[in-house]
Chemist: 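Questions regarding the structure given below will be posed in turn.
None of the values given here were measured: they were computed from a predicted structure.
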Amino acid sequence: MSVQPEPRKPTSGRWQPAITPDPLLRKHGALGKPVSRVDGQLKVQGKARFAAEFPYKNICYAALVFSTIARGRIMRLETGAAERASGVTLVMTYHNAPRMKAPSLMMSSPTAAGASDLPVMQNDEIHWNGQPVALVLGETQEQADYAASLIKVEYATLPAVTIFEEAKKMPRQLETLLGQPPILEIGDAEAALKASEVKIDQIYGTPRHNHNAIELHGATVAWDGDALRVHDATQMIDLTTGQLADIFGIDEKNVHLTSPYVGGGFGGKCLWDHQILACAAAKLAKRPVRIMLSREGVFRVVGGRTVTEQRVALGAKADGRLDALIHSGIVAMTLHNSCPEQFTFPARHLYTAKTFRLAQEVADMDMLANTFMRAPGESVGTFALESAVDELADKLGIDPIDLRRRIEPEKDPTSGKPFSSRHLMEAYERGAEKFGWNRRSRTPRARREGEWLMGMGCATATYPYHRFPGGAARIRLTSDGRVTVSTAVHDMGMGTATAQAQHIAARLGVPIGHVAFEYGDSTLPRGVIAGGSTQTASIGGAIIAATEVFIEELIKLAGNASPLAGLSLADVEPRDEGIGHRDDPARFETYRSILQRSGRDELCCVGEAPPPAEMEAFSMHSYGAQFCEVRVSEITGETRVSRFLGSFDAGHIVNAKTATSQFKGGIIMGIGLALTEETNFDERSGRIVNASLADYHVPVQMDVPNIDILYTDAPDPQAPMGARGIGEIGITGVAAAVANAVYNATGRRIRDLPITLDKLL
């Protein structure tokens, strides 16, 4: 039996973002324990079923054929040999694909999830090298793959922009940079730079990067009349559900999407052509369809990080105080997507300066639409900014940490907002002591072991706090005292279910063994995307709202015979598997007692998170200090990271074990960004030529040193649970820390990533 209470006006007991703190912050020590993953046993036993593992009778398997030109038209498609091949049930091209509406760009509407707004297999136009031009269904995957190889395509090519240097000559100014002005100016920074006593003015470059989660992109789809069932690996359940309904012209209620296990996401597990084409093929064939992209397929269809060229200019007084901070530049993008790799964002919030000029443009190219990739903007933006700060410190003869201390702001330097919580210098001090920063030589090339030159570097990590609006949660209490909280969110291996089970247990005062957290299903109350380090706070806001409804309903059920009679939400708190007066221990009743006396088997309540007013009132960010030691061979130029330490200020840590894993994972990806990862883009054809893990080099076991993690664990009073995001902070600053350590070891500044041995010889 469920209770759907009428909305009530806020009372003094309600959480009001930016005004009142989360009531949970009164419960000291309620969170933070290193609890192992609740889904860990399922995964190690192989019982966690991923999207491409759901069995269906009469299922067929999909294979894609990709274009080999960057721009043009299909002149001829020879599909006969494929259609005659053994086991083939369908060959789908633009000639016979169902009519589908083009996706809408993500963030353009509440149900938009498109990485681009191009139509999917609806005409003969080619927009990038790798665009799907045919889909084959076979009785087995091998039969589908073989038949796909038999399809012959002839093209009429059109002029294409595939050279970044040429595209830069026609820059385009964005109307908005992910909701922020693309140009931010305070004073005349160029004049201040010119007049400065000491100045740094350099160009930094970062290459393309591709998503390479170990778990490939897969989906299993089936139609039942107008009802669409989708098992997907997605970071955006509700958005994908709404977008698929829009594409196929059906009611959103007719799309049921589940994604309990995603595998690695990092921004790449969103809505791409392969899921749309699988749904279209299943509709055409009237059979369930399974699609799993090959590793090459991920490179062809799934976007990654785009190339950037960044200018950082710092003008300073002799004591290090900044007169000018300029961070500007350009990124490659397409006309059909909206992911501009906002590299100027860190410079808006990190350091105080008298004048600022922060601006970026885009250069349009004919390529696969780029997309979000772990810490978009901040990961590459901190490489340029933090490398420049290190260059300035060297030129001034000031220790890099001391320079950062001298330019540490008291309030947000560009918005003027107060910081909700900022303990960056504490993170630096603790990290420096643990890492042994005092052993760093200020003179490059001063430390060596045989052929190996040794050096240390540091850099600041930063990533903004976000809490998305619109998330909801349902709390279900049963008469045995067990609690189930449900919301359509995601767990991509970062431990969402585990951390939220801890959160719910602490908030409602029940043992964690009595808590179940339901997620990964579009039929649950609306959730938020897993991206932008937002899930923990966004889920937290929804659970706070649901808890308030839950407590009010329990007080109402308790009635006049209860010790809770006459109390309001403002008077009580959940504890010890029940509700009690905040100041009078005698006024208490258990959940079970309340349900039993009211004759109820269960209570079910839903709450929706209030708007994120805290983000408007405060400047909110996670911070960190990254410390790196490298060894560089003077003979071969080989660079090895020998030690790494990350010291973070990310609010209250909900789970020490999963948080440490998140921090380390980000740092490892940052080492890849610094030393090995680069998408080789053939500018003659627009084709990615290293579309495999044999040629695209991600860090492996031997590339990763011992990594130490520290964190302040200082709760942010403006955030739910006092917790800010940690999923992306780990990668930021890493590339600069590595590059600064390489300079300290060798005396050579590397301003273009990756730091390969040819740049050091």
Chemist: Might you work through the side-chain contact (heavy atoms from CB on, under 4.5 Å) test for His95 and Thr79, ending with a clear yes or no?
Modeler: CA-CA 11 Å; His95 289 297; Thr79 61; over 6 Å; no
Chemist: Would you name the heavy atoms of Gly470 and Glu608 that are closest together and state the gap between them?
Modeler: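 In this case the closest contact between Gly470 and Glu608 is CA-OE2, 3.9 Å.
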Chemist: Work out which heavy atom in Gly303 is nearest to a heavy atom in Thr371; give both atom names and the distance.
Modeler: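 The pair with the smallest heavy-atom distance is O-CG2, 3.3 Å.
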Chemist: Is the shortest heavy-atom distance from the side chain of Asp246 to the side chain of Gln243 under 4.5 Å?
Modeler: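 Of all side-chain heavy-atom pairs linking Gln243 with Asp246, at least one is under 4.5 Å.
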Chemist: Measure the spacing between CD1 of Ile668 and CD1 of Ile731 and express it to the nearest 0.5 Å.
Modeler: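 Answer rounded to 0.5 Å: 11.0 Å.
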Chemist: What I want to check is whether the side chains of Asp232 and Gln275 have a donor and an acceptor closer together than 3.5 Å.
Modeler: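 Judged by distance alone, the side chains do pair up.
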Chemist: Would His490 and Lys269 satisfy side-chain contact (heavy atoms from CB on, under 4.5 Å), going step by step from the backbone distance to the final call?
Modeler: CA-CA 11 Å; His490 321 74; Lys269 294 280 178 73; over 6 Å; no
Chemist: Verify, without hydrogens or angle tests, whether Glu341 (side chain) and Val307 (backbone) share a donor-acceptor contact under 3.5 angstrom.
Modeler: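 No, the answer is negative, given that no donor and acceptor are paired below the 3.5 Å cut-off.
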Chemist: Within a strict 4.5 Å, meaning less than it, do heavy atoms of the Phe248 and Asn254 side chains meet?
Modeler: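 The answer is no; the side chains never approach within 4.5 Å.
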Chemist: Rounded to the nearest 0.5 Å, how far apart are CD of Glu154 and OG1 of Thr68?
Modeler: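 So the gap between those two atoms works out to 11.0 Å.
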Chemist: Which atom pair, heavy atoms only, marks the closest approach of Val362 to Pro340?
Modeler: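 Scanning both residues, the minimum pair turns out to be CG1-CB, 4.3 Å.
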Chemist: Test side-chain contact (heavy atoms from CB on, under 4.5 Å) on Ser661 and Arg37 and set out the steps.
Modeler: CA-CA 11 Å; Ser661 179; Arg37 297 173 188 271; 3.9 Å; yes
Chemist: Do Pro207 and Glu677 make a side-chain contact, defined as non-hydrogen atoms from C-beta onward lying under 4.5 Å apart?
Modeler: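 Not in contact.
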Chemist: Step by step, would you call Phe164 with Phe681 a ring pair (Phe, Tyr, Trp, His ring centres under 6.0 Å)?
Modeler: CA-CA 10 Å; Phe164 184 49; Phe681 185 82; 10.0 Å; no
Chemist: Which label fits Tyr463 and His466: parallel for a plane angle under 30°, tilted from 30 to 60°, or perpendicular past 60°?
Modeler: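 Ring orientation, 0 to 90° scale: perpendicular.
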Chemist: Just do the salt bridge (charged side-chain N to carboxylate O under 4.0 Å, His left out) check on Glu125 and Arg73 with the steps written out, would you?
Modeler: CA-CA 5 Å; Glu125 296 179 5; Arg73 292 185 178 277; 3.6 Å; yes
Chemist: Can you tell me if Lys286 has over 12 outside heavy atoms packed within less than 6.0 Å of its NZ?
Modeler: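 No, not enclosed.
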Chemist: Determine, step by step, whether Val301 and Phe66 satisfy the side-chain contact (heavy atoms from CB on, under 4.5 Å) criterion, reporting the C-alpha distance in whole Å, the side-chain angles of both residues, the deciding distance to 0.1 Å, and the verdict.
Modeler: CA-CA 9 Å; Val301 178; Phe66 308 106; 3.4 Å; yes
Chemist: I want to check something: taking the side chain as every heavy atom from C-beta on, are Met236 and Met106 in contact at a cut-off of under 4.5 Å?
Modeler: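 They are in contact (side-chain heavy atoms under 4.5 Å apart), so the answer is yes.
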Chemist: State whether the side chain of Asp695 and the backbone N or O of Ser692 hold a donor-acceptor pair below 3.5 Å, judged by distance alone.
Modeler: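 Such a contact is absent between Asp695 side chain and Ser692 backbone.
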Chemist: Any donor-acceptor pair under 3.5 Å linking the side chain of Ser379 with the backbone of Ala375?
Modeler: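 Here the side-chain-to-backbone pair exists.
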Chemist: How long is the gap from CD1 on Ile237 to CD on Gln235, to the nearest 0.5 Å?
Modeler: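 Interatomic distance, Ile237 CD1 to Gln235 CD, rounded to 0.5 Å: 10.5 Å.
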Chemist: Taking all heavy atoms of Pro55 and all of Arg290, pick out the closest pair and write down the distance.
Modeler: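 Heavy atoms only, the tightest pair is N-NH2, 3.9 Å.
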Chemist: Quick one: pull up CD1 in Ile151 and CD in Glu83 and give me the separation to the nearest 0.5 Å.
Modeler: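 Answer for the CD1-CD pair, Ile151 versus Glu83, is 8.0 Å.
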Chemist: Give a yes or no answer on whether the side chain of Thr306 reaches the backbone of Ala332 with a donor-acceptor pair at less than 3.5 Å.
Modeler: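 Here the side-chain-to-backbone pair exists.
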Chemist: Treating Gln141 as the side-chain partner and Ala62 as the backbone partner, does any N or O pair qualify as donor plus acceptor under 3.5 Å?
Modeler: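 A pair under 3.5 Å: yes.
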Chemist: Please determine whether the number of non-hydrogen atoms from other residues, nucleotides or ligands lying under 6.0 Å from atom CD of Glu53 exceeds 12.
Modeler: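 Result for CD/Glu53: enclosed.
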Chemist: Would you call Leu239 and Thr241 a side-chain contact if the rule is heavy atoms closer than 4.5 Å?
Modeler: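 Counting from C-beta outward, Leu239 and Thr241 never come under 4.5 Å.
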Chemist: If I compare all heavy atoms of Ser259 with all of Val262, which pair ends up nearest, and what's the gap?
Modeler: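 Nearest heavy atoms, Ser259 then Val262: OG-CG2, 3.5 Å.
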Chemist: Under 3.5 Å, is there a donor-acceptor pair between the side chain of Asp682 and the main chain of Arg687?
Modeler: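 Looks like no, no N/O pair under 3.5 Å.
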Chemist: Tell me whether Asn680 contacts the main-chain N or O of Val689 through its side chain, where contact means a donor paired with an acceptor under 3.5 Å.
Modeler: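 A pair under 3.5 Å: no.
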Chemist: Rounded at 0.5 Å granularity, tell me how far CZ in Arg71 sits from CD1 in Ile126.
Modeler: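 If I round to the nearest 0.5 Å, the distance is 11.5 Å.
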Chemist: Is it true that atom CZ of Arg684 has more than 12 heavy atoms of other residues, nucleotides or ligands lying nearer than 6.0 Å?
Modeler: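 It does not: Arg684 CZ has 12 such atoms or fewer within range.
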Chemist: Does the Trp128 side chain pair with the main chain of Arg300, one donor and one acceptor, at a distance under 3.5 Å?
Modeler: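 Checked: pair present.
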Chemist: Are the side chain of Ser67 and the backbone of Gln131 linked by a donor-acceptor contact shorter than 3.5 Å?
Modeler: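 Yes; judged by distance alone, with no hydrogens or angles, the pair exists.
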Chemist: Would the distance check show the side chain of Arg374 and the main-chain N or O of Gly727 forming a donor-acceptor pair, the cut-off being under 3.5 Å?
Modeler: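 Judged by distance alone, yes, a pair lies under 3.5 Å.
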Chemist: Can a donor-acceptor pair be found between the side chains of Arg305 and Thr679 at a distance below 3.5 Å?
Modeler: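 No, no side-chain donor-acceptor contact under 3.5 Å.
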Chemist: Mind checking whether Tyr155 and Ile74 have side chains closer than 4.5 Å, heavy atoms only?
Modeler: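 Tyr155 vs Ile74: side chains touch.
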Chemist: Check whether any side-chain heavy atom of Tyr519 sits under 4.5 Å from a side-chain heavy atom of Gln500, and report yes or no.
Modeler: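 No, every pair of side-chain atoms sits at 4.5 Å or beyond.
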Chemist: Any side-chain heavy-atom pair from Thr498 and Ser36 closer than 4.5 angstrom?
Modeler: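 Counting from C-beta outward, Thr498 and Ser36 never come under 4.5 Å.
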Chemist: Go through it in stages, so that I can follow the logic: the residues are Tyr56 and His231, the test is ring pair (Phe, Tyr, Trp, His ring centres under 6.0 Å), and I'd like the CA-CA distance, side-chain angles, deciding distance and then a yes or no.
Modeler: CA-CA 11 Å; Tyr56 274 86; His231 303 277; 5.8 Å; yes
Chemist: Can you tell me how far apart NZ (Lys253) and CG (Asp226) are? Round to the nearest 0.5 Å.
Modeler: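 So the gap between those two atoms works out to 15.0 Å.
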Chemist: With a sphere of 6.0 Å drawn around CG of Asp251, does it hold more than 12 non-hydrogen atoms of other residues, nucleotides or ligands?
Modeler: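 Above 12, so yes.
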Chemist: Taking all non-hydrogen atoms of both residues into account, name the closest pair between Val35 and Asn655 and its distance.
Modeler: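 Taking Val35 first and Asn655 second, the nearest heavy atoms are O-ND2, 2.9 Å.
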Chemist: Can we say Arg84 and Glu78 salt-bridge, meaning some charged N sits less than 4.0 Å from an Asp/Glu carboxylate O?
Modeler: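 Here Arg84 does not pair with Glu78 in a salt bridge, since their nearest N and O are not under 4.0 Å apart.
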